[in-house]
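Read through the structure below, which is laid out as structure tokens, and then see the notes.
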Amino acid sequence: MIIAVTNLKGGVGKTTIATNLAVVFTQQGKSVCIIDTDKEQTSSIRWSEQRDDNRAYIAVVTVGVEKLLREAEQLGKKYDIVILDGSPNASELAITTIMASDIVLVPVSKSAYDFWAMDNFLQKYKQAKAFRPDIKAFIILNKFNEKQNVGKEVKEAIERDFTDIPLLQTVLHDRVAYTETITEGLGVVEYKDKKAKAEIEQLYAELNHIISSHLFNL
């Protein structure tokens, strides 16, 4: 199963979601590999370098666009779960990342800029779907605060304007735990914040349901 976490805009929390999903999948007994597609930032690589050897092992590799389709397919045969940590890039890499995946998660925060960037992503998604109609994409609200008016407006606009890409029920809030765990190479399910842990576990459960309902084998 190959899951991409990607968006054409930076700063939406792609790596945070990718690494936290990797950890929760390992807790469920799955073998996991993260593909870091951003060769400049290599954020997932840096996260893995901080991870203690006594923690559940998560392989992290970096792959360029020219080999991404082939490498993702090969790693998908070796690992139960492959997670693509997408680069904020509107070029060929974005389409290739989508095409290499079974499921695509698109993080969007409460910023109006994130919402506006969705138009460009939707174009890339439709191009990829022309070659792989079986790809499923979902929007996830990240670093969110539903109590703020702008957050409510962004959520309502997504539900209204992007019907081709459903909005997940799980919402990841703007919690300190998501940043504090980075320098230790942890996921929040391995940390002390119970609310953050519950969010990631809910995201896992929702993804697992999606996979099962679409007859994927996990």
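Since we're looking at a predicted model, the values are computed, not measured.
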*Hey, is CD on Q169 packed in by over 12 heavy atoms from elsewhere, all under 6.0 Å?*
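It does not: Q169 CD has 12 such atoms or fewer within range.
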*Take atom CG in N54; do more than 12 heavy atoms of anything else shown fall under 6.0 Å from it?*
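More than 12 heavy atoms, drawn from other residues, nucleotides or ligands, come within 6.0 Å of this atom.
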Rounded at 0.5 Å granularity, tell me how far [atom1] in [X] sits from [atom2] in [Y].
{"X": "I17", "Y": "K143", "atom1": "CD1", "atom2": "NZ", "value": "9.0 Å"}
{"X": "L172", "Y": "L203", "atom1": "CG", "atom2": "CG", "value": "6.0 Å"}
{"X": "E199", "Y": "N142", "atom1": "CD", "atom2": "CG", "value": "9.0 Å"}

_Check D38 with K14, please: is the shortest side-chain N to carboxylate O separation under 4.0 Å?_
no
*Lys/Arg N to Asp/Glu carboxylate O, D134 vs R132, below 4.0 Å*: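 Answer for the salt bridge query: yes.
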Is there a donor-acceptor pair under 3.5 Å between the side chain of [X] and the backbone N or O of [Y]?
{"X": "K129", "Y": "I135", "value": "yes"}
{"X": "Q127", "Y": "I95", "value": "no"}
{"X": "D36", "Y": "S43", "value": "yes"}

_Please identify which of these residues, N20, D80, I3, meets the side-chain contact (heavy atoms from CB on, under 4.5 Å) condition with F25._
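Passing option: I3.
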_Shortest non-hydrogen contact between R175 and D193, atoms and distance_ = CD-OD2, 4.2 Å
*Would T15 and D85 count as a side-chain hydrogen bond (donor to acceptor under 3.5 Å, both in side chains) if you check the C-alpha gap in whole Å, the side-chain angles of each, and the deciding distance to 0.1 Å?*
CA-CA 6 Å; T15 300; D85 182 4; 2.7 Å; yes
